[in-house]
Amino acid sequence: LALQVSLAGGRMSNPVALGPTFTSQTSLTANTAPTLSLGTGAAPSWQEAGGVANATPGSGAVAVAPGATLSDAEQTTLDKLTVQITNVQPGDLLALANPPSNLKAQYDTSSGLLTISGVAGATPAATVANYQDALRAVTYSNSSDNPDTTNRSITITASDGQNNNSTRSATLTLSVAAANDAPTLIAPASISATEDTPSPLNLSAVSVADGDGEATTLSLTLAVAQGTLKANDGAGVSVTPGSTPSQITLAGTAASINAY
């Protein structure tokens, strides 16, 4: 487009071409973060199963946020959902058992971070409701026989991945209680001794252990059907006579008793 400008009193010898000016204006709507609520009710707690060692990691798991609600007024899905133990301890485990086919979960033991995200190409794609159901199903457990009883701080974050990736977080406290596990004992079916002759007993095949920790004091009672048992205190082990001469009790840590 060219415009020719004339001035009063005569025509311009050199016309001036003027180009039109266009102004482009884009209006962006602010992205609202997802809405996340942990719900009401008692704070979650985990109790170690007592009496036996926790041989199966994840046994006795408890739901972290069974009453949580999650929504997004603008999006039908999320970019990801994370659940993290910010003060993770040895044996801690966050898990999502049997996620739907359009969601996947990955746990990092070193950081205590569980990441839940959509499966690429899944049909249908994971919805916000799917993420909510997954969050309610996330569980905590500890595989240690002697778990640290420090309260765990767990932060949940929902990310929508839209316009600077708006996020919403909430934090809860989970209590951990340890149980007194039964000690274990390995002993031979019999120990040989010479009749009517005082002789030392070979206890090298006897072994004790306690999953609650090496500092725990154990008691090991030895008894015979006939005869007399005598022993002196040893390194880290005290000896107490029993109610009859045929019985004595050793007391000390597992390591001390095993070395006695």
Side-chain angles (χ1 to χ4, degrees), residues 43-62 85 87-95 97 107-112 139-153 173-260:
S45 62
W46 180 83
Q47 169 71 55
E48 179 194 6
V52 295
N54 292 329
T56 305
S59 62
V62 295
I85 306 171
N87 60 335
V88 63
Q89 303 297 326
D92 282 350
L93 175 65
L94 292 173
Y107 180 67
D108 180 64
T109 56
S110 61
S111 62
T139 59
Y140 167 86
S141 63
N142 188 290
S143 59
S144 173
D145 289 325
N146 188 28
D148 190 308
T149 56
T150 302
N151 286 345
R152 307 300 196 265
S153 179
T173 299
L174 180 141
S175 61
V176 174
N180 182 19
D181 294 324
T184 59
L185 170 64
I186 299 174
S190 62
I191 298 176
S192 299
T194 303
E195 184 180 5
D196 298 328
T197 302
S199 57
L201 295 180
N202 183 359
L203 300 180
S204 61
V206 177
S207 176
V208 297
D210 192 336
D212 291 323
E214 289 299 324
T216 304
T217 299
L218 303 179
S219 295
L220 175 65
T221 299
L222 305 175
V224 292
Q226 296 179 349
T228 300
L229 290 178
K230 293 182 179 181
N232 297 320
D233 293 347
V237 176
S238 61
V239 179
T240 304
S243 57
T244 66
S246 61
Q247 178 178 305
I248 59 173
T249 298
L250 311 181
T253 64
S256 297
I257 291 176
N258 289 336
Y260 179 75

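- Residues Ser246 and Thr244 bring a donor and an acceptor atom of their side chains to less than 3.5 Å of each other.
- Only one option out of Leu250, Leu185, Ile257 pairs with Leu218 in a side-chain contact (heavy atoms from CB on, under 4.5 Å); it is Ile257.
- Between the side chains of Ser110 and Asp108, at least one donor-acceptor pair of N or O atoms lies under 3.5 Å.
- Asn87 places a side-chain N or O within donor-acceptor distance of the main-chain N or O of Asn151, the cut-off being under 3.5 Å.
- Within the 4.5 Å cutoff, no side-chain heavy atoms of Val206 are placed close to those of Leu222.
- Residues Ile191 and Leu203 form a side-chain contact, since some pair of their non-hydrogen atoms from C-beta on lies under 4.5 Å apart.
- For Asp233, the side chain to side chain contact (heavy atoms under 4.5 Å, CB included) partners two or more places apart in sequence, or in a different chain, are Ser238, Val239.
- Nearest heavy-atom pair across Ser192 and Leu201 is O-CD2, 4.3 Å.
- Side-chain contact check for Thr249 versus Ser219: some heavy-atom pair is nearer than 4.5 Å.
- With Asn258 contributing its side chain and Val208 its backbone, the two residues share a donor-acceptor pair below 3.5 Å.
- For the pairing with Arg152, the side-chain contact (heavy atoms from CB on, under 4.5 Å) check across Thr173, Ile85, Leu94 returns one residue only, Ile85.
- Heavy atoms only, all atoms of each residue included: Pro147 and Ala178 are closest at CG-CB, 3.9 Å.
- A donor-acceptor pair is defined here as one N or O able to donate and one able to accept, closer than 3.5 Å; such a pair exists between the side chain of Glu48 and the backbone of Ala179.
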key: side-chain contact (heavy atoms from CB on, under 4.5 Å) between Asp92 and Trp46, intermediate numbers included   = CA-CA 11 Å; Asp92 282 350; Trp46 180 83; over 6 Å; no
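- In this structure a side-chain-to-backbone donor-acceptor pair under 3.5 Å is missing from Asp210 to Pro183.
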